[in-house]
Amino acid sequence: MSQESKTIEQKFGVLDSVPVGACLLRDDFVVLFWNTCLEDWTKIPRSQMLGTNITTHFPHLLQVKYATRFQQIFAGGPPTIFSSQIHKYLIPATWQDGQQRIQQTTVTAVPAQQTGMAEVEIENLVGLNLELQAECTFGVEEATSAFLSWESPLSIPSPMWPGLTCQSFYALLVIQDVTDLTHRIQAYRNMRDQALEEVKVRQRVEEELRSSQYFIQQIADAAPYLLYIYDLTEQRNVYINGQASNLLGYTPQEILQMETALFSRLAHPEDSPLLAQHVHKFPSAQDGSILELEYRLKHRSGEWRWFRCRDQVFARTTEGLPKQIFGTAQDITEYKRAEEALRQQNERELLMATITQHIRQSLDLDEVLNTTVNEVRQFLQADRVMIVRFHPCTGSLCAAPATGAVTVESVTPNCRPMLGETLQNFCFDEFYIEAYQHRAIRPIADICTANLPQYQIDLLAQFDVRAYLVVPLVQGEELWGLLMAHQCSPRQWIQLEVELLSSLATQLAIAIKQAELYQQLQAANLKLERLATLDELTQLANRRRFDQYLEMEWRRQSREQTPLSLILCDIDSFKSYNDTYGHPGGDECLRQVAGAIGDAVDRPADLVARYGGEEFAVILPNTKIQGAVQVAEHIQLKIAALQLPHAGSQVSQYVTVSLGVASIVPGSESVASILIAASDQALYQAKRLGRDRIHVYQPDSASGKQNGTITPVIPVDISIPNTNLPFPTNV
């Protein structure tokens with residue numbers, strides 16, 4: 001290694017420890033120094049760069065806009081800044097996900113390792129510096145942001161290295177990665193201050209370049225991080241840069257004077273164990289390895305600030321044990337705040353999605369409302385969450401006082417319930433209603449200090465409420481109700497909670513509307529179903545319902561092999577009844593007979609239907625023939641008890657009926673029509689034998705084998721006189 005290379009390595013080697021790129025160029029653009037940060041960024045090792053012309057790797061530096069300014073530096077000119085706004089990078093390097101790093105580069109003239117510069121050349125350099133000073137006079141205060149808008153060299157008066165006889169200068173490139181700052185909106189607020197600070201730093205650097213000690217110190221102070229050296233043996237900082245004043249509010253001297261009490265005074269209690277674990281990792285750390293940690297330190301103002309440190313072993317004892325560590329700590333407070341805000345936003349959206357999903361899983365209004373109050377109380381950890389529904393006319397203009405009732409609530413065991421309470425003029429006066437109709441949210445941290453009417457305070461005090469949050473439930477232009485959260489102690493409601501309930505109220509209003517529409521639809525469907533299955537005149541099941549039910553019971557009795565009975569009833573001489581009393585009278589007769597038959601059948605599974613005209617049918621599942629006959633007798637008794645006059649009857653002065661009864665155990669291949677045919681045949685026999693009687697069907701053996709099992713009963717003709725009979729029981 002040449003003497004020049006050794007000298008450069010000794011003088012600039014410390015730049016391997018700073019988190020900025022650093023490169024030293026000779027006046028022929030040959031690379032003399034290439035720090036580890038640039039190795040990491042460009043993936044080009046130092047061994048490949050040293051001694052080569054930098055334009056071999058980066059040809060764009062031959063362009064006039066770069067070459068001209070570099071020549072001024074090589075001539076001993078003042079420092080030049082290549083701003084990130086105009087020059088996105090000087091040394092191209094990739095960042096995360098293949099993005100190009102955005103760089104801010106400062107190029108400074110450094111005296112070459114030569115002596116013997118001629119006196120006339122010194123006079124020329126001094127004259128050139130004075131000429132630049134006369135042409136460019138703007139100063140540090142005129143920089144407006146971190147993205148400096150000028151491209152030309154800084155017109156800062158330079159002493160041009162007095163006392164040195166130097167024929168040439170090196171160009172020192174200090175490259176700061178501003179990619180992350182560029183991508184973060186928060187950085188824009190601090191850009192002007194950063195620009196001013198950078199100009200001041202560069203002024204100090206120019207003034208102190210005569211001494212390498214000052215040179216290194218100013219580089220450290222110019223970095224936007226805390227730079228420090230921590231002694232593991234003495235457990236204290238032995239060095240910290242000037243950024244301590246900006247980032248912590250303490251001067252470097254004050255930090256050093258804290259000695260071993262530094263962490264106990266400034267570190268967050270929750271982070272102290274992490275810091276201790278971090279320090280204990282260094283005895284096993286290898287040279288060059290970097291250990292990272294995020295922790296909080298207290299600013300002089302009392303504010304907690306987040307820092308991300310990157311530490312490595314800086315010096316070892318004679319035994320080879322780590323003695324000192326060199327580290328950088330970047331203020332990431334704004335990043336943490338943004339991260340926390342994003343976390344809260346994600347938490348809110350996740351919770352919102354969960355609650356909304358639970359609400360939408362049901363169209364039952366009560367379930368929707370109960371799910372809402374339970375989920376919201378769990379999220380808010382409130383003492384009570386309830387929904388107040390306005391009484392009709394409350395949500396719009398009306399003369400009556402505004403009232404509402406607590407429809408549902410979720411409440412802790414130690415709180416007095418409010419379910420069912422009617423709230424008169426509680427947040428329902430004209431002012432509140434108008435505000436709620438515009439979706440205004442009212443959080444009250446403490447009712448004792450809020451400007452509330454006394455009657456509201458008195459009402460809340462009855463239920464031990466000290467703080468509440470009210471969110472209106474608005475459907476279109478109508479104020480449906482209120483979603484309310486109560487706390488039995490003062491509570492400051494945070495913006496996340498207010499925003500969550502506001503979003504939830506919108507979803508809940510939609511869910512309530514859907515549930516109400518579903519209820520209306522169910523009522524309409526029920527009405528349609530009743531119309532489709534009921535006889536309008538008698539309000540009994542109609543023929544359609546009779547057919548459906550008979551078919552269903554036929555299949556069920558077939559599976560269970562139990563008897564199914566059917567009774568067909570026909571009003572005797574009904575045509576003459578209509579002729580005598582007219583059709584309105586006939587309709588009334590049908591209604592009363594239908595009611596009597598319905599009263600005679602008392603099991604829920606039995607079905608009474610209007611079979612057609614003056615004919616009625618009774619389906620008796622799981623009923624033997626004996627039970628069916630008893631039901632028929634009861635029907636006959638109920639109709640006789642009506643004593644409806646029938647002047648045109650051939651058998652009685654009152655309305656009578658003829659009944660046909662049949663019973664069968666359905667077969668797997670049989671059909672229900674055989675039971676209807678059997679009952680109809682029995683009814684025909686009852687009429688043929690004189691009416692006003694019950695006839696039981698007796699099948700022949702052939703029909704029983706082919707279509708099912710007809711209960712074998714001896715033929716019987718039964719006439720029931722109109723006298724009091726015992727109440728029948730189905731068997």
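Computed from a prediction, not measured in an experiment: that's the story for all the values here.
- In this view, Leu50 and Val31, Trp34, Arg46 satisfy the side-chain contact (heavy atoms from CB on, under 4.5 Å) rule, not counting sequence neighbours.
- The shortest non-hydrogen separation linking Leu380 to Ala485 is CD1-CB, 3.8 Å.
- Smallest separation of non-hydrogen atoms from Ile73 and Ala109: O-CB, 3.4 Å.
- The two residues Tyr170 and Pro111 make their nearest non-hydrogen contact at CD1-O, 4.2 Å.
- Applying the ring-ring contact (aromatic ring centres under 6.0 Å, His included) definition to pairs two or more places apart or across chains, those involving residues 37-62 are His60-Tyr66.
- Counting only distance, with no hydrogens or angles, the side chain of Glu497 and the backbone of Ile494 share a donor-acceptor pair below 3.5 Å.
- Under the ring pair (Phe, Tyr, Trp, His ring centres under 6.0 Å) criterion, Phe307 pairs with no residue at all, not counting sequence neighbours.
- Within a 6.0 Å sphere centred on CD of Gln99, other residues, nucleotides and ligands contribute more than 12 heavy atoms.
- In this structure, the side chains of Arg310 and Gln330 stay at 4.5 Å or more apart for every pair of heavy atoms.
- The local environment of OH in Tyr89 is sparse, with at most 12 non-hydrogen atoms from other residues, nucleotides or ligands closer than 6.0 Å.
- Between Tyr228 and Cys309, the shortest heavy-atom contact is OH-CB, 3.4 Å.
- Considering only residues two or more places apart in sequence or on other chains, Arg296 meets the side-chain hydrogen bond (donor to acceptor under 3.5 Å, both in side chains) condition with Glu270, Asp271.
- With a 4.5 Å cut-off on side-chain heavy atoms, Ser84 and Gln103 do not count as touching.
- Looking at Asp231, its side chain never comes within 3.5 Å of a backbone N or O of Val238 through a donor-acceptor pair.
- Distance alone, capped at 3.5 Å, is enough to place a donor-acceptor pair between the Asn35 side chain and the Val20 backbone.
- A distance-only check finds a donor-acceptor pair linking the side chain of Asp331 to the backbone of Thr333 [under 3.5 Å].
- Asp311 contributes no side-chain N or O that, together with a main-chain N or O of Leu291, makes up a donor-acceptor pair within less than 3.5 Å.
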* Asked: Yes or no on side-chain contact (heavy atoms from CB on, under 4.5 Å) for Leu247 and Leu297, after CA distance, side-chain angles and deciding distance?
  -> CA-CA 10 Å; Leu247 301 181; Leu297 295 177; over 6 Å; no

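- By the side-chain contact (heavy atoms from CB on, under 4.5 Å) test, Ser301 pairs with His299, Glu303, sequence neighbours left out.
- Among residue pairs with one or both ends in residues 243-268, those qualifying as salt bridge (charged side-chain N to carboxylate O under 4.0 Å, His left out) are Glu254-Arg300; sequence neighbours excluded.
- Checked by atom type and distance alone, the side chain of His87 never pairs as donor or acceptor with a backbone atom of Ser83 at under 3.5 Å.
- With Thr106 contributing its side chain and Ile81 its backbone, the two residues share no donor-acceptor pair below 3.5 Å.
- Side-chain contact between Cys23 and Ile54 is present, with at least one heavy-atom pair separated by less than 4.5 Å.
- To the nearest 0.5 angstrom, Thr56 atom OG1 is 10.5 Å from Gln48 atom CD.
- In this structure, Gln286 and Arg316 approach most closely via the heavy-atom pair C-NH2, 4.1 Å.
- Residue pairs that meet the salt bridge (charged side-chain N to carboxylate O under 4.0 Å, His left out) test with at least one member in residues 235-247, sequence neighbours left out, are Glu234-Arg236.
- Side chain of Ser264 to backbone of Ala261: a donor-acceptor contact under 3.5 angstrom is found.
- Partners of Ser410 under the side-chain contact (heavy atoms from CB on, under 4.5 Å) rule, at least two apart in sequence or in another chain, are Val373, Asn374, Arg377.
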* Test side-chain contact (heavy atoms from CB on, under 4.5 Å) applied to Val385 and Gln378, step by step -> CA-CA 9 Å; Val385 173; Gln378 182 178 358; over 6 Å; no

* To do: I would like to know whether Phe33 and Phe12 meet side-chain contact (heavy atoms from CB on, under 4.5 Å); could you show each step before the answer?
  => CA-CA 8 Å; Phe33 181 76; Phe12 295 96; 4.2 Å; yes

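- Inter-residue side-chain proximity for Thr42 and Ile91 is flagged as met; some heavy-atom pair is nearer than 4.5 Å.
- For Gln71, the CD atom sits in a packed shell: over 12 heavy atoms of surrounding residues, nucleotides or ligands are nearer than 6.0 Å.
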* Could you walk me through whether Ile102 and Trp95 pass side-chain contact (heavy atoms from CB on, under 4.5 Å), step by step? => CA-CA 9 Å; Ile102 302 174; Trp95 197 54; over 6 Å; no

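- Side-chain contact between Leu274 and Leu293 is present, with heavy atoms from C-beta onward closer than 4.5 Å.
- Closest approach of Ile255 to Ala244, counting heavy atoms only: CG1-CB, 4.2 Å.
- In this structure, the separation between NZ on Lys323 and CD1 on Ile229 is 11.5 Å, given to the nearest 0.5 Å.
- Atom CG of Asp383 and atom OG of Ser489 lie 6.5 Å apart (nearest 0.5 Å).
- Residues satisfying the side-chain hydrogen bond (donor to acceptor under 3.5 Å, both in side chains) criterion with Glu340, sequence neighbours excluded, are Arg343, Gln344.
- Side-chain atoms of Ser503 come within 3.5 Å of backbone atoms of Glu499 as a donor-acceptor pair (strictly under, hydrogens ignored).
- Rounded to the nearest 0.5 angstrom, His268 NE2 and Tyr295 OH are separated by 14.0 Å.
- Between the CD atom of Glu197 and the CD atom of Gln243 there is a distance of 6.5 Å, given to the nearest 0.5 Å.
- When atom types are taken as modelled, the side chain of Ser289 and the backbone of Ala285 share no donor-acceptor pair closer than 3.5 angstrom.
- Seen from the ring of Tyr335, Arg308 counts as a face-on cation partner, given the 6.0 Å and 45° thresholds.
- Residue Gln324 holds its CD atom at 8.5 Å from CG of Leu232, rounded to the nearest 0.5 Å.
- Applying the side-chain hydrogen bond (donor to acceptor under 3.5 Å, both in side chains) test to Thr179 and every residue at least two apart in sequence or in another chain returns Asp177.
- Residues meeting the ring pair (Phe, Tyr, Trp, His ring centres under 6.0 Å) test with Phe263, sequence neighbours left out: Tyr230.
- Contacts of Pro252 classified as side-chain contact (heavy atoms from CB on, under 4.5 Å), with partners at least two apart in sequence or in another chain: Ile240, Ser245.
- The distance between the ring centers of Phe70 and Phe29 falls below 6.0 angstrom.
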